[in-house]
Protein chains: 2
Amino acid sequence: MVRKSATGRIGIADVAIKAGVSHATVSRVMNGNFTVDPDIAARVRAAAAELKYQPNPVGRSLALGKTDTIGIVVPDLANPTFQAILRGLSRAAAQDSYRVLIADSFEVSSEEAILAGEARRRCDGLVLCAPRMSDAELEEIAPSLHPLVLINRTTAAAGVPSLVVDYGQGVQDIAEHLVDLGHTRLAFLAGPPRSASNGLRLQGLESFKAAHPQVEVTMLEGGSDFDTGHEAVDAVLESGATGILAFNDLVAMGLMSGLHERGLDVPGDISVTGFDDIPFAKYTTPALTTAAVPITELGEQAWQQLRALIRKEENEAPGSRYQPRLEVRSSTGPAKAPRTAAHG
Amino acid sequence: MVRKSATGRIGIADVAIKAGVSHATVSRVMNGNFTVDPDIAARVRAAAAELKYQPNPVGRSLALGKTDTIGIVVPDLANPTFQAILRGLSRAAAQDSYRVLIADSFEVSSEEAILAGEARRRCDGLVLCAPRMSDAELEEIAPSLHPLVLINRTTAAAGVPSLVVDYGQGVQDIAEHLVDLGHTRLAFLAGPPRSASNGLRLQGLESFKAAHPQVEVTMLEGGSDFDTGHEAVDAVLESGATGILAFNDLVAMGLMSGLHERGLDVPGDISVTGFDDIPFAKYTTPALTTAAVPITELGEQAWQQLRALIRKEENEAPGSRYQPRLEVRSSTGPAKAPRTAAHG
DNA sequence: CTTGCCCAAGAAAGCGTTTTCTCAGGTCGC
DNA sequence: GCGACCTGAGAAAACGCTTTCTTGGGCAAG
């Protein structure tokens with residue numbers, strides 16, 4: 001019988017025996033090496049087909065020193081942003097016959113380095129998505145992770161392309177939009193403290209405040225999910241702001257839902273904006289004004305950059321910067337007279 | 001110098017040389033084998049730490065015959081349902097130090113079998129998520145994919161646990177709910193034709209129709225995303241139905257958005273229901289009435305089942321069936337007099 | 001007819017681990 | 001004091017593949 005292999009699976013040896021040739025020849029045929037006699041090649045192929053032989057990728061990986069797999073580590077797989085990046089990455093990588101291994105750090109920044117290292121060792125390259133670790137730590141481990149591509153984070157370590165979204169500019173665009181609508185009291189519902197993109201937004205708001213001293217901008221603590229927005233209703237109302245910049249679309253949706261429950265009208269009473277333009281943003285009622293980030297493209301670009309690194313190609317454009325595009329929908333509208341002065 | 005290995009990475013050999021012992025001993029120490037002299041063990045550990053040695057998982061996998069990785073193949077990574085399953089699976093697997101490799105078939109059912117095979121060979125087990133392939137094909141390839149767990153699909157092949165959601169019951173519950181509200185004309189916005197869960201829903205509706213001959217149920221073609229729902233507005237209005245059962249929450253949201261644009265009130269003019277209870281469902285306006293599927297739990301259970309298979313444990317409960325729970329929110333309300341008879 | 005080449009296919013050496021097998025040295029018992 | 005037993009560590013085989021190295025046979029040229 002066949003099945004001589006210890007693992008019980010059909011191996012190259014089985015095919016070699018069946019075809020009456022050596023392992024080497026089978027390998028050559030399977031890899032399209034043309035120095036094999038056509039007759040023998042045909043015999044090998046027939047044997048392989050009959051045994052339904054499929055090369056063991058692990059053995060192959062060991063011999064070849066590559067796994068045809070890349071890893072991605074994300075802080076939270078529940079976040080639509082990271083899901084979209086993952087999707088874009090997976091799609092692009094699949095086009096080049098690469099697979100994607102995922103590692104979710106669940107926002108535990110202390111785990112990221114270990115997770116990244118483990119993932120990297122199993123893969124040919126790694127995408128580190130919005131890592132929460134410190135700059136110092138990131139810079140320290142970056143070399144050991146090469147080929148490495150960063151998303152929404154930069155590092156001083158050499159040879160690490162970064163794809164960053166200009167959240168600072170995006171948040172300024174949104175603020176400008178609200179000011180144009182007559183809002184003079186704004187509030188920012190911040191994101192996770194360790195998020196670099198939150199830092200960029202805060203910087204952007206500082207620039208905005210410098211340029212618009214007459215506008216009042218209240219900072220509110222927050223997070224990155226629905227509930228954050230939903231629970232922030234009181235704080236938002238208390239601030240007296242009429243234009244709210246939520247950290248992202250999720251927070252904005254939660255907030256709108258909360259406002260709705262309070263009987264407040266968006267945008268009649270309060271204007272709400274999001275960030276990211278996740279697919280759902282278009283379908284909220286009212287449709288959400290937001291800053292669109294070309295997020296799937298980000299995942300795809302990450303693969304392009306990583307592929308260049310893996311192939312050791314000269315990378316003409318190491319990393320790139322993405323500008324969000326203001327997407328005005330119906331969750332923003334003209335400011336009405338400040339509620340505190342409504343009696344006047 | 002160190003770095004004798006061809007790959008340029010630190011290998012077990014480097015540690016062995018540095019510690020002045022054999023490969024075997026290093027391996028023993030790294031794997032916590034206690035038959036090693038404590039002094040030598042300490043020397044090895046010191047050498048490993050100094051060289052920052054990390055075992056190569058590929059070599060390890062080859063020797064051990066396992067990869068500590070499982071694969072999941074989904075028809076569409078953009079679908080929140082599959083994202084949630086992936087998340088649950090990944091989380092549960094990570095708890096047992098397993099990683100997840102993803103394969104997206106992009107709804108191309110002809111690719112599924114190849115994709116599944118490739119993924120399986122790199123992994124210790126596979127989760128096949130709502131495969132679109134035919135029953136015959138599924139049954140044929142199932143044995144070669146073992147250990148295998150199916151989600152939302154069953155097969156006659158032996159030893160393949162299935163986790164299925166009782167979509168038929170769920171859809172009946174929703175229909176009953178609408179009837180209780182006085183609706184007599186319903187419409188079902190179907191999902192992808194190849195989706196087994198769509199088939200289950202259709203069966204459920206047949207049962208429902210049999211039990212409620214007085215209720216008119218119109219079948220409308222559809223899909224599984226926002227746009228499907230958004231584009232279905234005309235067909236829905238044409239049907240004259242006042243209670244709409246959308247294939248899932250996404251479709252329902254698209255439909256509500258479309259109805260809103262037409263100036264129609266939900267649930268005043270038309271009641272809309274979804275399915276799945278994705279996180280967003282709670283935050284739509286109006287909040288969506290839907291059938292909640294314990295979807296993250298599904299991913300987690302998939303891992304439990306797969307783990308049992310991998311460990312060759314006796315599996316007391318091979319597979320299980322999940323009952324959706326009706327989640328009544330505010331997108332459904334009392335039926336108003338049929339519009340076609342409004343003048344009466 | 002012999003010598004030298006070239007080519008195709010087999011033999012064997014990796015790839016980086018784990019694990020069995022083997023053997024040297026020490027301990028204990030008689 | 002010598003042989004049996006045991007322990008701990010090195011040697012080597014195994015995992016399944018790719019690839020270099022080797023070899024034998026066929027062919028052309030001298």
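Here is how names work: the chains are called A, B, and so on, in the same order as the sequence lines, proteins then strands, and each is numbered from 1.
Between the CE atom of M30(B) and the C1' atom of dT19(C) there is a distance of 17 Å, rounded to whole Å. One can place CG of N33(A) at 12 Å from C1' of dC7(C), the figure rounded to the nearest angstrom. When the P atom of dT17(C) is taken as reference, atom NZ of K66(B) falls 16 Å away, rounded to whole Å. The separation between N31(B) atom CG and dT19(C) atom P is 7 Å, rounded to whole Å. Between the CZ atom of R43(A) and the C1' atom of dG10(C) there is a distance of 13 Å, rounded to whole Å. Remark: C1' of dG16(D) and CZ of R121(B) are 14 Å apart, rounded to the nearest angstrom. Atom CG of D14(B) is separated from atom P of dG16(C) by 9 Å (rounded to the nearest Å). Taking atom CD1 of residue I12(B) and atom P of nucleotide dA14(D), one finds them 19 Å apart after rounding to whole Å.
Listed for the S61(B) side chain is a donor-acceptor partner under 3.5 Å among the backbone atoms of P57(B). Using modelled atom types, no side-chain atom of S162(B) and backbone atom of V164(B) make a donor-acceptor pair closer than 3.5 Å.
Closest-nucleotide positions on DNA chain C for A63(A) and R60(B) were compared, and the one nearer the 5' end corresponds to A63(A).
Using a 4.0 Å cut-off, some side-chain N or O of Y53(A) falls inside it from OP1 or OP2 of dC17(D). Contact between the side-chain N/O atoms of N56(B) and the OP1/OP2 oxygens of dC15(C) is not found at any separation under 4.0 Å.
Counting only residues at least two apart or in different chains, ring pair (Phe, Tyr, Trp, His ring centres under 6.0 Å) contacts with residues 116-140 of chain B are absent. The ring pair (Phe, Tyr, Trp, His ring centres under 6.0 Å) pairs that include a residue from residues 79-130 of chain A are Y98(A)-W303(A), where partners are two or more places apart or lie in different chains. Residues in residues 40-80 of chain A take part in no ring pair (Phe, Tyr, Trp, His ring centres under 6.0 Å) pair, two or more places apart or across chains. For the ring pair (Phe, Tyr, Trp, His ring centres under 6.0 Å) condition, no pair includes a residue of residues 115-138 of chain B, sequence neighbours left out.
The shortest distance between side-chain heavy atoms of H146(B) and L309(B) falls below 4.5 Å.
Contacts of S195(A) classified as side-chain hydrogen bond (donor to acceptor under 3.5 Å, both in side chains), with partners at least two apart in sequence or in another chain: S197(A). By the salt bridge (charged side-chain N to carboxylate O under 4.0 Å, His left out) test, R91(A) pairs with E300(A), sequence neighbours left out.
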Enumerate all atom pairs, one protein N or O and one N or O from nucleotides 24-27 of chain C, separated by less than 3.5 Å.
none

Return a table of donor-acceptor pairs under 3.5 angstrom between the side chains of residues 109-119 of chain B and protein atoms on other chains or two or more places apart.
residue, atom, partner, partner atom, Å
S109(B), OG, R194(B), NH1, 3.4
E112(B), OE1, R132(B), N, 2.9
E112(B), OE1, M133(B), N, 2.8
E112(B), OE2, R132(B), N, 2.9
E118(B), OE1, R99(A), NH2, 2.8

Identify all side-chain donor-acceptor contacts of residues 68-78 of chain A below 3.5 Å with residues at least two apart in sequence or on another chain.
residue, atom, partner, partner atom, Å
D68(A), OD1, K66(A), NZ, 2.9
T69(A), OG1, T67(A), O, 3.0
D76(A), OD1, A78(A), N, 2.9

Could you list the donor-acceptor pairs under 3.5 angstrom formed between side-chain atoms of residues 43-50 of chain A and any protein atom two or more places apart in sequence or on another chain?
residue, atom, partner, partner atom, Å
R43(A), NE, A19(A), O, 3.0
R43(A), NH2, A19(A), O, 3.0

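Distances from the side chain of A24(A) to the nucleotides dT17(C), dC15(C), dG10(C) place dG10(C) closest.
At its two ends the helix from dC1(C)-dG30(D) to dC30(C)-dG1(D) runs along axes set 60° apart, each axis drawn from five pairs and the angle rounded to 10°.
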Nucleic acid footprint by protein, nucleotides 4-9 of chain D - heavy-atom cut-off 4.0 Å, B for base, S for sugar-phosphate alone: ----SB
